[in-house]
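Everything below concerns the one structure shown next.
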Protein chains: 2
Amino acid sequence: MMQKLDGSEDLRVHRTRKSLEQALIEGTVEKGFEALTVRDITRRAMVNRSTFYRHYLDKYDLLEQHLNAIYQGLEEEGRIVEEGRYEGLIELLKQLQQFSNFYRLVLGTHSDTFLSLRFRQQTQQHCRAYFQQTFPEATADPDTLPFDLKFTTVSSAASSALLWWLEQERPSTPEQFAHWMQQIVYDMLVPTFKQKK
Amino acid sequence: MMQKLDGSEDLRVHRTRKSLEQALIEGTVEKGFEALTVRDITRRAMVNRSTFYRHYLDKYDLLEQHLNAIYQGLEEEGRIVEEGRYEGLIELLKQLQQFSNFYRLVLGTHSDTFLSLRFRQQTQQHCRAYFQQTFPEATADPDTLPFDLKFTTVSSAASSALLWWLEQERPSTPEQFAHWMQQIVYDMLVPTFKQKK
DNA sequence: CTCCCCCTGTCGCATAGGCAACACATTCCG
DNA sequence: CGGAATGTGTTGCCTATGCGACAGGGGGAG
């Protein structure tokens, strides 16, 4: 068996997954997510179809895992709220910007209902994890505003901000926008939690 | 042993070679061919360095094989001179156009001497093979203009035309330019060979 | 209805490619 | 000068991936 538990993957694995994600994005832009078949994806990625199934259950699973991966930088770099430290967020924005065609499809109002639903779920889930990690004390404390309430409003605001940014004609740089997002989130959180220190 | 002699490669082989060619092109554009190391190429291609050496002797070999591959469509599709049949040429032009940064470096007057020399050699070699195949009778016939003379002038003209096209600010479409090239080559060849029929 | 075509998942076997280590050359810096 | 750092080629072993075949499942046209 010998499961690899450390983060260092075999280079082949890394390359295969990246190719498939790339092919998913391009294919979705070209003919839409629902019309896209596993064969389409693997042909484009130059990966054998059987290999696809060694990594993913189906195209939905691929999408989900890809969206998960998008956020990992955020969690690793962390600490949006602290001074000037949001490299993770900037990485995320760069990824979104690079394939903005795709993510506009995923996020946008005209999107496939499945896709947009899934994306919002992912967004919320990751925001939740992030905030629980950043403010562990807030989760349990009954005196403050209910954690779930605060979390819901913040992640909703963040989603809207992202969507707004993606749909701009000439979007500002990831760095600039990251700064704005940081400010928004900061302003929302400070009144609730900051004074406790 | 069991050498694969048919054209159908293992998908992995195809993918690996494509990745390495792509990395060569991008790397050359970014930091120049001479400054580029094998490590650079393999890192960018997400291919292990040892795998590189299973396919190529060194970066020069990679370049040479890549340039060879570029022309294969020409030889397979063939028949530039015949009516409207130059799909191979169009494919070639599309490739050149897609990475015109790179090929301008390779072809251009300011290019690295090794690169430009190698490219011109390749061009001549493929032109020669092509013409020998298209006009097999001309090679031996002592009555016509010497084959080598004709071939030299034609391939030189073709190289200049290609370079001209690559250096245009707003180049015409591959289809349009292919048509022009066909006309040039046709006009050069017809007086010599066509009347023999 | 059947036939045909393309899709999905899954399998066993063959192999290309990853990894780690090697000797050796080179540059560069104290 | 000497050694750290980085590059080139090469090797042996292990494994992810390709290939081909399979059963099963829609749909579309006769």
Side-chain angles (χ1 to χ4, degrees), chain A residues 1-24 26-28 30-66 69 112 114-115 118, chain B residues 1-66 69 112 114-115 118:
Chain A
M1 264 304 153
M2 278 295 293
Q3 296 266 18
K4 278 235 169 188
L5 294 182
D6 55 47
S8 75
E9 272 178 329
D10 188 313
L11 184 49
R12 288 171 289 188
V13 174
H14 192 201
R15 195 152 71 101
T16 294
R17 300 181 80 98
K18 252 189 114 169
S19 294
L20 290 171
E21 291 175 9
Q22 177 80 25
L24 169 73
E26 291 177 6
T28 300
E30 189 170 311
K31 57 189 288 189
F33 182 75
E34 284 309 326
L36 202 63
T37 73
V38 172
R39 286 189 115 89
D40 291 333
I41 297 171
T42 55
R43 247 196 308 267
R44 189 186 292 263
M46 305 211 304
V47 166
N48 192 283
R49 205 165 49 85
S50 69
T51 304
F52 178 95
Y53 290 109
R54 286 206 184 86
H55 290 272
Y56 308 102
L57 294 173
D58 47 36
K59 64 178 178 178
Y60 301 96
D61 188 38
L62 166 59
L63 173 64
E64 187 164 329
Q65 293 195 32
H66 169 64
D112 188 302
F114 165 78
L115 267 186
R118 190 59 66 101
Chain B
M1 264 304 153
M2 276 295 294
Q3 298 266 19
K4 276 234 169 189
L5 295 182
D6 54 47
S8 75
E9 273 178 329
D10 187 312
L11 184 49
R12 286 170 290 189
V13 174
H14 193 202
R15 195 152 71 100
T16 294
R17 299 181 80 98
K18 254 191 110 170
S19 293
L20 290 172
E21 291 176 8
Q22 176 80 26
L24 169 73
I25 289 178
E26 292 177 5
T28 300
V29 170
E30 189 169 310
K31 57 189 289 189
F33 182 75
E34 285 310 326
L36 202 64
T37 73
V38 172
R39 286 188 115 88
D40 290 334
I41 297 171
T42 56
R43 249 197 306 267
R44 189 187 292 263
M46 303 213 308
V47 166
N48 193 284
R49 205 164 50 86
S50 68
T51 304
F52 178 95
Y53 291 107
R54 284 208 186 84
H55 291 273
Y56 309 102
L57 295 172
D58 47 36
K59 65 178 179 178
Y60 301 96
D61 188 37
L62 166 59
L63 172 64
E64 187 165 328
Q65 292 195 32
H66 169 64
D112 188 303
F114 166 78
L115 265 187
R118 192 57 66 100

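Computed from a prediction, not measured in an experiment: that's the story for all the values here. Chain identifiers are assigned alphabetically (A, B, ...) following the order of the sequence lines, protein sequences preceding nucleic acid strands; residue numbering begins at 1 within each chain.
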Rounded to whole angstrom units, what separation is found between the CG atom of Asp10(A) and the C1' atom of dG18(D)?
-> 15 Å
Check whether the side chains of Glu21(B) and His66(B) place a donor and an acceptor atom closer than 3.5 Å, and report yes or no.
-> yes
In residues 51-58 of chain B, what donor-acceptor pairs under 3.5 Å come from side-chain atoms, sequence neighbours left out?
unit_1: His55(B); atom_1: ND1; unit_2: Arg17(B); atom_2: NH1; d: 3.0
unit_1: Asp58(B); atom_1: OD1; unit_2: Tyr60(B); atom_2: N; d: 3.1
unit_1: Asp58(B); atom_1: OD1; unit_2: Asp61(B); atom_2: N; d: 2.8

Would you please confirm or rule out a distance under 4.0 Å between OP1 or OP2 of dT17(D) and any side-chain N or O of Asn48(A)?
-> no
For the helix from dC1(C)-dG30(D) to dG30(C)-dC1(D), measure the angle between the helix axis at one end and the axis at the other, each built from five pairs, rounding to 10°.
-> 40°
Note: contacts of residues 11-21 of chain B with DNA chain C (heavy atom, under 4.0 Å) are Arg12(B), Val13(B), Thr16(B)
Give the minimum heavy-atom separation between Ser19(A) and Ala45(A), together with the two atoms involved.
-> O-CB, 3.6 Å
Nearest-angstrom distance from the residue atom CD of Glu34(B) to P of dT8(D) | 12 Å
Which pairs pass salt bridge (Lys or Arg N to Asp or Glu O under 4.0 Å) with one or both residues in residues 22-33 of chain B, sequence neighbours excluded?
-> Glu26(B)-Arg44(B), Glu30(B)-Arg44(B), Lys31(B)-Asp40(B)
Over all atoms of both residues, closest heavy-atom pair of Leu63(B) and Phe33(B) | CD2-CZ, 4.1 Å
For Arg49(A) and Thr42(A), the nearest pair of non-hydrogen atoms, with its separation, is CA-CG2, 3.8 Å
List, with names and distances, any nitrogen or oxygen atoms from the protein found under 3.5 Å away from nitrogen or oxygen atoms belonging to nucleotides 5-11 of chain C.
unit_1: dC7(C); atom_1: OP2; unit_2: Arg39(A); atom_2: NE; d: 3.4
unit_1: dT8(C); atom_1: OP1; unit_2: Val38(A); atom_2: N; d: 2.8
unit_1: dT8(C); atom_1: OP2; unit_2: Arg39(A); atom_2: N; d: 3.4
unit_1: dG9(C); atom_1: OP2; unit_2: Tyr53(A); atom_2: OH; d: 3.2
unit_1: dG9(C); atom_1: N7; unit_2: Arg49(A); atom_2: NH1; d: 3.0
unit_1: dG9(C); atom_1: O6; unit_2: Arg49(A); atom_2: NH2; d: 3.3

Measure from CD on Glu9(B) to C1' on dG17(C) and round the result to the nearest Å.
-> 14 Å
Taking all atoms of both residues into account, what is the closest heavy-atom pair of Leu20(B) and Leu62(B), and its distance?
-> O-CD2, 3.9 Å
Apply side chain to side chain contact (heavy atoms under 4.5 Å, CB included) to the pair Arg15(B) and Glu9(B), showing each step before the final yes or no.
-> CA-CA 10 Å; Arg15(B) 195 152 71 100; Glu9(B) 273 178 329; over 6 Å; no
Pairwise distance CG(Leu36(B)) to CD(Glu34(B)) - rounded to 0.5 angstrom = 9.5 Å
